[in-house]
Amino acid sequence: MAHSFRELVIGGVLVAPFMAYAVAALFVMLLIRPLLHFIGFLRLFSNTAIAELSLYVTILGLIALSF
């Protein structure tokens with residue numbers, strides 16, 4: 001059966017490309033969140049949750065465009 005997307009096989013298990021994006025999203029959140037708290041980035045905004053989410057979406061969008 002032919003697929004229209006690139007295939008990634010890990011340990012004999014077929015993984016769709018969206019799984020790679022999910023792993024990248026988790027990595028970005030785990031890496032950037034402590035960094036944002038350390039540098040005080042979120043103190044600049046009145047609604048910190050929206051500022052943090054928009055930053056994550058921007059970074060993940062740039063990662064998706066690079067592929």
Side-chain angles (χ1 to χ4, degrees):
M1 183 171 161
H3 297 285
S4 61
F5 54 84
R6 293 188 323 233
E7 298 175 354
L8 175 64
V9 178
I10 300 175
V13 176
L14 178 66
V15 179
F18 64 84
M19 288 302 294
Y21 293 131
V23 170
L26 182 63
F27 180 72
V28 164
M29 288 182 67
L30 291 176
L31 181 71
I32 290 189
R33 188 171 192 151
L35 181 67
L36 291 178
H37 289 290
F38 179 72
I39 63 173
F41 176 77
L42 298 177
R43 281 186 262 144
L44 300 173
F45 300 96
S46 60
N47 193 340
T48 58
I50 291 177
E52 193 173 8
L53 180 63
S54 64
L55 186 64
Y56 293 153
V57 168
T58 302
I59 291 171
L60 292 174
L62 291 172
I63 290 172
L65 284 175
S66 69
F67 292 117

Does [X] belong to the same Ile/Leu/Val/Met/Phe/Trp/Tyr cluster as [Y], with side-chain heavy atoms less than 4.5 Å apart forming each link?
| X | Y | answer |
| --- | --- | --- |
| Ile39 | Leu44 | yes |
| Ile32 | Val57 | no |
| Leu35 | Phe27 | no |
| Leu26 | Leu55 | no |
| Leu30 | Leu62 | no |

query: From Thr58 OG1 over to Leu53 CG, what is the distance, rounded to the nearest 0.5 angstrom?
result: 9.0 Å
field: Pairs involving residues 37-56, ordered by first then second residue, that meet salt bridge (charged side-chain N to carboxylate O under 4.0 Å, His left out) (sequence neighbours left out)
entry: Arg33-Glu52
